[in-house]
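Single-structure report; data block below.
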Number of protein chains: 2
Amino acid sequence: MPPAQRHPTMADVAERAGVSVSTVSRTLRGLSTVSDEARERVEAAARELSFVISRQASSLVTGKTGTVAVLAPTLGSWFVGQVLRGLSEVLRDAGLDLVVYSVADLAERAAFFDRLPARRNADALLVVSFDLTEAEFARLDGLGVPVVYVSQHAPGRASVYVEDVAAARSGTRYLCGLGHRRIAFVRASPGTGFTCSSRTRLFGYREALAEAQLPYDEDLVVATSRGRRHTAEAVGRLLCLADPPTAVFAETDEIAMEVLWVLRSSGIDIPGRISVLGFDDHDHAEWLDLTTIAQPAVEVGRAAGTLAHTLIDDPATDPARHVVLPTYLIPRGTTAPVPGPGPSDSAPSGEPDAGEA
Amino acid sequence: MPPAQRHPTMADVAERAGVSVSTVSRTLRGLSTVSDEARERVEAAARELSFVISRQASSLVTGKTGTVAVLAPTLGSWFVGQVLRGLSEVLRDAGLDLVVYSVADLAERAAFFDRLPARRNADALLVVSFDLTEAEFARLDGLGVPVVYVSQHAPGRASVYVEDVAAARSGTRYLCGLGHRRIAFVRASPGTGFTCSSRTRLFGYREALAEAQLPYDEDLVVATSRGRRHTAEAVGRLLCLADPPTAVFAETDEIAMEVLWVLRSSGIDIPGRISVLGFDDHDHAEWLDLTTIAQPAVEVGRAAGTLAHTLIDDPATDPARHVVLPTYLIPRGTTAPVPGPGPSDSAPSGEPDAGEA
DNA sequence: ATGAAAGCGCTAACAT
DNA sequence: ATGTTAGCGCTTTCAT
């Protein structure tokens, strides 16, 4: 019997089963070259001692850590949470552990890329929606383990993402199709430089404008960061334009919801006076009846996990494999045809009052 | 120079620096018994080779894995996300890795407790808002590493939590103070048995009712699970009572928001006809102007991380240490004094129709 | 089918 | 202050 305060080792199991450690190892890994009798004895002994293998020790010899690392800007955002859900599901099934690194500010970011702690301690690294510099890309290229870029298109590297540009283009087209010609875009504040969806979605927005032969008006593009105050300011900037927007396209649902809140609490009718379109299909989007561009966040996580697993297990896999997932527009109640050229006073929105054609 | 496809080891660093591996090890761990000259050479060599230490190897000899595991019911909920934020911040500073296990259903749950994969592969385990059975508690008691229970009170074991019972009692008192005498409680569906806040908060609710000498009416307690349909049903059950509630206390803000949505979309005035009180102070609570009981979720994560770190580093720490964090009520616009003793018919009135005195 | 032995990369005595 | 040596708990030849 092993000392109380120590985890039992294979040697303990071997002794109890009356076999060698090699046999224990073979049994536990399911290698076929073990007699039924030995297998049973080993399994019984392992169970009785409630033996758990030490990954550390096997890693040392196999060179595989059995863990996948994920780097994310924050763990608190809806999108990252959903991605992690899908990811952890797939990794669990693959027998891989999931270790998370989050870097909240630029100092931590620099420290991460300087030290690259994931280096020898994970079999793969997943980078979630990071707007990386060339230097950071280069650093990761030399990491020594596969890197999968999640929710971002990384040319020449493995990545899993949705067609942000095309999705934003469609969303904008949809608004154009409703007759809107003054469409604002509210993006996350680029300050932190962590997310790359601002750039791609803004690009799609501009493409659609061009298609519809609408001018790109910089005054219609505003940035906000989390918090009522910032969004109120951003929305305020839009509302006091000489020719204010009749529709707002927000980079994410979380931003869209803030916009919605600011607009509504200032008595502006939605969608009567202004339409609002989000991006994500956040859980709350349905409650708020927010029209949005849905992206399969959990599925993104699953696909990323699967790709990482493949890359780890089969070195022959194309290291630049891309997985592109679909998006689709979900029309709900916050978008409507542009109001006629009639009055557009700020009647507090009691009733739904969609503009008629 | 080490082979291209292999991570450099301490031996590589040692060779390059012209010292022994011991000196490299000592230097890298910041032990003072190293000459300045050697230290510099080692540091230079390590940088040039971009050496990263293998935790696996050091674990093997130190017995410490340098990682903390966290078990959570899901990674997608707001609360868990916030806890992870606080946690990862503290653990990063402590040089500990964070590995997450999430169990989505009962089968996975059983598998986790059967195998206890965290066993030898983490220095501590954090269990976040799990309603554990006695058998599961017992299993964790024998884990061999410190276990910290987060967002739940675990008698005789280390835990970090808010006073759920007291908070729910205060919240209910607040509603009573506004004159409400028919107060409903909407809880998460107990089906999964994953969260324990239902039980504690319901308990506090009952205490406050007793205090106010209000009867406990089982019809006023309904359960819902995520999704518009379920919440609509639950709310429907309340609305068609002979004596329907004038206030609803929801176990979490997420539930409160769904309730809000259902009530509003059926034209019921809030807080004119029904008051709604949540729990959490979710980011969106402010936008929806939801009165709620705030709990410091990120701080819970931080405290849990700190406690885990302490428990790991200092075995003399009281293994049953408790950290209790405060909650506070944030009065917002979804709660108001009870409408006068006027009509209380359950007709889903179109117009907002706040009772008059 | 099984065991003995070597060694993965590191740390911890013990020398010096 | 530094080097030498002996493992940590596994997997993996290589014998048998």
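In the text below, chain A, chain B and the rest are named by the order of the sequence lines, each starting its count at 1.
Between Arg39(A) and Glu43(A) a salt bridge is recorded (basic side-chain N to carboxylate O distance below 4.0 Å).
No hydrogens or angles were tested; on distance alone, a donor-acceptor pair under 3.5 Å links the side chain of Arg26(B) to the base of dG3(D). A donor and an acceptor atom sit less than 3.5 Å apart, one in the side chain of Ser22(B) and one in the base of dA12(C).
Of the side-chain N and O atoms in Thr23(B), one or more sit less than 4.0 angstrom from OP1 or OP2 of dG3(D). Put simply, Arg29(A) has a side-chain N or O that comes within less than 4.0 Å of OP1 or OP2 on dT12(D). In terms of phosphate contacts, Ser20(B) brings a side-chain nitrogen or oxygen within less than 4.0 Å of OP1 or OP2 of dG3(D). OP1 and OP2 of dC8(C) both lie 4.0 Å or more from every side-chain N or O belonging to Thr9(B). Between dC10(D) and Ser54(A), no contact under 4.0 Å exists linking OP1 or OP2 to a side-chain N or O.
In the set dT12(D), dA1(D), dG9(D), dT12(D) carries the atom at the smallest distance from any side-chain atom of Thr62(A). For Ser25(A), the listed nucleotide lying nearest its side chain is dT11(D); candidates were dG9(C), dC10(D), dT11(D). Comparing atom distances between the Val19(A) side chain and each of dG3(C), dT2(D), dA12(C) picks out dG3(C) as nearest.
Residue contacts shown for Ser58(A) are limited to sugar-phosphate atoms, with no base heavy atom under 4.0 Å away. Within the nucleic acid shown, Thr33(B) comes within 4.0 Å of at least one base atom, counting heavy atoms only.
Ring geometry for Tyr149(A) versus Phe137(A): interplanar angle of 30 to 60°, hence tilted.
Looking at Ser25(A) and Arg29(A), their side chains do bring a donor and an acceptor atom within 3.5 Å of each other. Side-chain contact of Arg302(A) with Thr306(A): a donor-acceptor pair under 3.5 Å is absent, judged by distance alone. Side chain to side chain, Ser88(B) and Ser102(A) meet the donor-acceptor criterion of an N or O pair below 3.5 Å.
Taking atom CZ of Arg120(A) as the reference point, atom C1' of dC8(C) lies 10 Å away to the nearest angstrom. dG9(C) atom P lies 13 Å from atom CD1 of Ile53(B), rounded to whole Å. Between the P atom of dT2(D) and the CD atom of Glu37(B) lies a distance of 8 Å, rounded to the nearest Å. For the pair Asp12(A) CG and dC10(D) C1', the computed distance is 13 Å after rounding to whole Å.
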